[in-house]
Structures are given as structure tokens and as C-alpha cells.
Asks: 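A single structure is presented below for examination.
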Amino acid sequence: MVKICCLGAGYVGGPTMAVIALKCPAIEVVVVDISTTRISAWNSDQLPIYEPGLDDVVKQCRGRNLFFSTDIEKHVSEADIIFVSVNTPTKTRGLGAGKAADLTYWESAARMIADVSKSDKIVVEKSTVPVKTAEAIEKILTHNNNKGINFQILSNPEFLAEGTAIQDLFKPDRVLIGGRETPEGCKAVELLKSVYANWVPEDQIITTNLWSAELSKLAANAFLAQRISSVNAISALCEATGADVAEVAYSVGKDSRIGPKFLNASVGFGGSCFQKDILNLIYICECNGLPEVADYWKQVIKINDYQKSRFVNRLVSSMFNTVAGKKIAVLGFAFKKDTGDTRETPAIDVCKGLLGDKAKISIYDPQVTEDQIQRDLAMNKFDWDHPIHLQPMSPTAVKEASVEWDAYEATKGAHGVCILTEWDEFKKLDYEKIYENMQKPAFIFDGRNVVDPEKLRKIGFIVYSIGKPLDAWLKDMPAVA
Ligand code: UDX
Ligand code: ADP
């Protein structure tokens, strides 16, 4: 029986291993983590991450061929294949930082694997990492190997998106496996391929060399982020000209060479991957003497930052140029719907912008806890990449931000509402009731284009939707930066 061990029970490791266990009953899968709270949560009825369909998959295999454990060394030493999905290195952040990614978690994972292994291992790099991480891991493993063990390193990047992880894993567009082009390398690639072949058609399993696999993942995320930045740049132009970004995106997306996906204008993209991966690309470009190409990718991030500040500026200028002392309800904090994940969510920058202008904000998100929100708002920009249990709680809780457990509570007495995540429930709210309980004039700023602006205008709201024709009210307000 093939035994798989996965290091890291996070957003990538947890769902991926659950689906492998479900689809491969003959394989034993053990997910291990240094966090005892995470592992206990995976072993309980309250899983540590929210992902539609995940509960069901875990229920079917847990205790059968899927296990969650903190006994890392035991399971690593028994496994044939070790997936590494520990925290992705994120320290390249900051434009032009010119710094290599911090591989702390990866390095300690690799050293531990070398220490405890007694038999041959295939080590699979799973979460997105900078190009050449596989090579670094390979060096650590081979230089700490005096037991004659054969370590094969594979890159098998994950393409699942949060909120649709289970569907993405069940029906992936493709599975990518990169390995060394040696006989041992090819054998390792074939073994991993045979695992996926349990449910993925063979022609969708692509095998490449190690670096192509690593770079393909960064490139795919950078291209997706670039599309959102492009449509967001068009949204600003729509507001200036009277075009409707939804109509423009629909028309553009009808071109079969372009396609309709990832063309929804928004307050900005977020999530743990896009910004980090683009910064990794920038770093690689700079290291390889390609500053012009680095500048090209920097622009994608700059437009994303611009979109967030444009939103805040639009809000403030519409509300008589000040939000000081005003209550602003924030609906949605996660970086997208159907996840409780807040990593790099545009809501952090928007809320900080509003708090900086002395607004009182009242936040509601169906899946994000109050603790998480307070921690995100109290934290310096790039601190979140440390797992929660390693993070010091900031003493400076953000006083002007409160968190409510209901959209109606959050909007009660508010001067304005902003929608920052496209949760389905925000489409179905009773906006007449919300309007009744707000200060007048009542404003709605829709950063995800989830509400019907015409219906809300009929109720009496002043509405701003990204990239849509502006209300007369907004047109009369001073131009935004
Ligand atoms: C992404 C990739 O899609 C996935 O393949 C990769 O493995 C990990 O990174 P994820 O970060 O989970 O997945 O979410 P994704 O659905 O890609 O959305 C990223 C951000 O873009 C979100 O903030 C989302 O709201 C935003 N977005 C997405 C838009 O603003 N407009 C769109 O049209 C699509
Ligand atoms: P991702 O979104 O990439 O899955 P997460 O932060 O959700 O990232 O998950 C990474 C997990 O890896 C965390 O639960 C963390 O505790 C765990 N982890 C970090 N280092 C190690 C290690 N050396 N061994 C096992 N687990 C680790």
C-alpha cells in the first residue's frame, strides 16, 4: 500500500489530501501539522477552514484512509510520498524589494525529512513557491543524507481556488507534475501520476521539468491577476465616460480568444497567491537582469493598489469630503465569497483607509471571526504570513472598528455601507429595512457589483458601483484622485 504524508494541514494540504483519500481508497493519507489546535480541529466536527463540500469528503474518509496527526516524524518516516504544503514563502513583498523569498518553513521541513527518513522518499512541492525552491530542498536533502537514501523532488503545484477547492480538485483543468529528467526522476513522476490517474484523465496530467512546473504556477496566477487589473483599469475609464464595465467585460469576454472568466471588476484582488506570486516573478526578473519585465509586473500590483484607494477616495468625496465620526458599515471581509480566508483581502486596506480618515466602521462577514478581523486591522501590512499560533497578538486593538454578527446590526444607524466581498447573502438582504435604519442621505458603495443599483436608487440610496454609470450625486462631487 502506498503511504502518503502531507506536511501542513492548511488551505492547500487539507482539501487536497482529503480528495486524494476519497479518490484513492487503496492509499493511506496522513496529514500532519505542527499546530495541535489545527490538527484537533481537523479531527473534530468543526473543521479549521470553511470550504463548500469539504465536510462531506472528510466525513467519508476520516478514520478510513485519511488521518490527521501531530506525530510528524513517525508519519514522515513511514511514507513513500511526502507532500510539502507548509506556509508559502511570502517575504518578497514590497515592490522591488530585491529580496529572495524567505524559505524558513520549507527549510526546516526539508531538514526534518532528511533527519527522520530511513527509506527512499518522493518529496512533492505542493504549495506555490518561488522558482528553484525544489532545487534548494534537493540540496538540503542530499547534503544531509548519509544513509544512502534516494530522495526525488517533484513539483506538483496546486491550482485549486478557495471557495471552489473541492470542485477544482474533483475536476482539475490539468494536473502538473515536474521532475528531474533522470531514470529515478521519471519513475517518481510516474508514481505520482498513477495517484492522480485514479480520477483525472491521463491526457490532463502534464509532465514537465522541475522549473517549468514551478514557473507555470507563478505565471498562471500572474496572468489571472493581470486580467483583473486590466478590467479594473477599464472600470475607472468607464466611470469617467459613462460606459458600463459589466457590459464592456461581457462584450470583450465573448471573444473566444479572451473568454469570460476573471473579468469581473472589483475593489481589487486579494488572496494568498496573486500578489506573492507576482512579487516572486518580479524578483526572478530582477535577478536575471530584466528590469523592464519586472516593471511590467509591478504595474499589475500598482493598479490593484490604485483600485483600492480609488474606492476609498470615491467614498469619502461622495460623503461631503469627510467620514470623520461617521459610521460606515462594511459588508464582507474575506478576500472572496465562500471562504473565511482574509489573507491580502482588499478589505484590510479599505478599512484601514477609512479608519485613517477617522470613520467608525462596523464590519459583518458570514465566515470571518471577530478575532481575525481585529488581528488583520492591528497588524502591519505584511505580517500575516506567520501561522496564527506563532503570531504575537497586537496590544493595539483597533478601537474604532467593531464586528457584528448580522448585516442589519452592522448597518443600523450607518451613514454609508460598503460591500467588499461578493457573498450571495448580500444580494438577498432587505435593503428597504436597511435604508429605514440608516442616516440620510444613505450611501451604498458596492465594491463587487453585487447589488442592483437601479433597485436601490428607487429605495432612496445614493449608489456607487465599480465601473458603472455614476449617480448625478456622485458626478457633482469633486473629482477623485
Ligand atoms: C488563486 C488561483 O485562482 C488558483 O488557481 C491558485 O491555485 C491560487 O490562487 P484564490 O486566491 O483562491 O486562487 O482565488 P481566486 O478565485 O483566483 O480569486 C483571487 C482574487 O481575485 C479574489 O480576491 C477575487 O475576489 C478576485 N477576483 C477574481 C476579481 O476581483 N475578479 C474576478 O473576475 C475574479
Ligand atoms: P496554505 O494556504 O499554503 O495551505 P496555510 O497557512 O493555510 O497555507 O497552511 C500551512 C500549514 O503548515 C500551517 O497549518 C502550519 O502550521 C503548517 N506548518 C508550517 N511548518 C510546518 C512543518 N515544518 N511541519 C508541519 N506543518 C507545518
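Start at 1 and go down the list; that is how both ligands and their atoms are numbered.
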Asks: Salt-bridged, K3 to E78, with N to O below 4.0 Å?
Replies: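 Yes.
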Asks: Out of K126, R38, E158, whose heavy atom is nearest to atom 5 (P) of ligand 2?
Replies: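 Looking at heavy atoms only, R38 sits closest to atom 5 (P) of ligand 2.
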Asks: Tell me the closest heavy-atom pair linking G10 and R38, and the distance in Å.
Replies: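 Smallest interatomic distance, heavy atoms only, reads CA-NH1, 3.1 Å.
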Asks: Please check if the side chain of N156 supplies one atom and the backbone of K126 the other of a donor-acceptor pair under 3.5 Å.
Replies: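 Pair absent, no side-chain N/O of N156 close to backbone of K126.
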Asks: Heavy-atom cut-off of under 4.0 Å around ligand 1: list whichever protein residues fall inside it, by chain and number.
Replies: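 Contacts of ligand 1 under 4.0 Å: E158, F159, L160, A161, E162, K217, N221, L224, I228, F262, L263, N264, S266, F269, G270, C273, F274, F335, K336, R448.
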Asks: Is the shortest N/O to N/O distance between S35 and ligand 2 below 3.5 Å?
Replies: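 No: no nitrogen or oxygen of S35 is under 3.5 Å from one in ligand 2.
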Asks: Roughly how far, to the nearest 0.5 Å, is CD1 of I177 from OG1 of T207?
Replies: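 Those atoms lie 7.5 Å apart.
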Asks: Checking the side chain of Q307 only, and the main-chain atoms of S266 only, is there a donor and an acceptor separated by less than 3.5 Å?
Replies: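 Checked: pair present.
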Asks: Which atoms of ligand 2 sit under 4.0 Å from any heavy atom of Y105?
Replies: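 Selected atoms, number and element: 19 (C), 20 (N).
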Asks: Of all the heavy atoms in S272, does at least one lie under 4.0 Å from an atom in ligand 2?
Replies: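 It does not; every heavy atom stays at 4.0 Å or beyond.
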Asks: Keeping the roles fixed (side chain from E202, backbone from A197), state whether a donor-acceptor pair exists under 3.5 Å.
Replies: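 Absent.
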Asks: Can you sort out which atoms of ligand 2 are near G10, meaning under 4.0 Å from one of its heavy atoms?
Replies: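 Heavy-atom distances to G10 below 4.0 Å select 4 (O), 5 (P), 7 (O), 9 (O).
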Asks: Output yes when a side-chain donor or acceptor of E51 lies under 3.5 Å from a complementary backbone atom of T164, and no otherwise.
Replies: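 It does hold such a pair.
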Asks: Do Q374 side-chain atoms and A401 backbone N/O form a donor-acceptor pair below 3.5 Å?
Replies: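 Judged by distance alone, yes, a pair lies under 3.5 Å.
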Asks: Which of these, T16, V12, L7, has its nearest heavy atom closest to atom 1 (P) of ligand 2?
Replies: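 Nearest heavy atom to atom 1 (P) of ligand 2 lies in V12.
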Asks: Record the part of R343 in heavy-atom contact with ligand 2 below 4.0 Å; permitted values are side chain, backbone, both and neither.
Replies: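 Contact part for R343 vs ligand 2: side chain (C-beta onward).
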Asks: So, the side chain of R62 versus the backbone of S44: is there a donor-acceptor pair under 3.5 Å, distance only?
Replies: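 Answer holds: yes.
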Asks: Quick check: E162 and ligand 2, any N/O pair under 3.5 Å apart?
Replies: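 It does not: no N or O of E162 is found under 3.5 Å from an N or O of ligand 2.
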Asks: F311 vs Y464 aromatic rings, parallel, tilted or perpendicular, using cut-offs 30° and 60°?
Replies: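 Taking Y464 first and then F311, their aromatic rings sit tilted (interplane angle of 30° to 60°).
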